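We number each residue from 1, following the sequence as shown. Quick caveat, the model's predicted, so the values are computed rather than measured.
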Amino acid sequence: MFWAGMRSTQRVESMNSFFDKYLKKQTRLYEFVQQYCKAMERRAEDEKQADAESARFCHQLVSDFPIERVFQKIYTSAKFVEVQQECMKNLYYTVEDRVWVRDPNTRKEVPTRRKREYR
């Protein structure tokens, strides 16, 4: 079956939108084969072009994760950028907090209007 292995609705929707450019509800069976071949040729050409673009330059690593270097070698540039964004989410975060001071008269801590950001 053509759709075998598709697990998520996102993949199916992605494939559907890709094939919508080539196939319509009214496509006859004999036309289906021709259009399907055109679609597969286009997909292969797009992947070939993406691989060529990825080979031209190398993105800088953003983390010390060893897996990032592996992904840099095996993924296309577009997919590697997605991986880097996920690595960045795991590496860096920001916490914002109010500055509290101890009131010398009451010896209690009270919040001020100032804020401090920690990264």
Item to complete: Check the hydrophobic clustering (I, L, V, M, F, W, Y; side-chain heavy atoms under 4.5 Å; chains of links allowed) and say if Val33 and Tyr30 are grouped together.
Response: no
Worksheet item: Shared ILVMFWY cluster between Phe32 and Met40, side chains joined below 4.5 angstrom?
Response: yes
Item to complete: Examine Tyr75 and Ile67 and state if one hydrophobic cluster contains both, with Ile, Leu, Val, Met, Phe, Trp and Tyr joined whenever side-chain heavy atoms are less than 4.5 Å apart.
Response: yes
Discussion item. Taking the basic N atoms (NZ, or NE/NH1/NH2) and the acidic carboxylate oxygens, is any pair closer than 4.0 Å for Lys79 and Glu82?
Written reply: yes
Discussion item. Using side-chain heavy atoms (C-beta onward) and a distance below 4.5 Å, is Arg98 in contact with Thr112?
Written reply: no
Discussion item. Side-chain heavy atoms nearer than 4.5 Å, only ILVMFWY residues, links allowed to pass through others: does that put Val81 and Val62 together?
Written reply: no
Worksheet item: Under the 3.5 angstrom rule, does the side chain of Gln84 hit a backbone N or O of Gln60 as a donor-acceptor pair?
Response: yes
Practice prompt. Report yes if the side chains of Arg69 and Leu61 come closer than 4.5 Å at any heavy-atom pair, otherwise no.
Written response: yes
Worksheet item: Within a radius of less than 6.0 Å around NZ of Lys38, do more than 12 heavy atoms belonging to other residues, nucleotides or ligands occur?
Response: no
Practice prompt. Report the distance from atom CZ of Arg42 to atom CD of Glu47, rounding to the nearest 0.5 Å.
Written response: 11.5 Å
Worksheet item: Quick one: do Arg107 and Asp103 make a salt bridge, cutoff under 4.0 Å?
Response: no
Item to complete: First locate atom CZ of Arg114, then atom CG of Asp97, and finally report the distance between them rounded to the nearest 0.5 Å.
Response: 12.0 Å
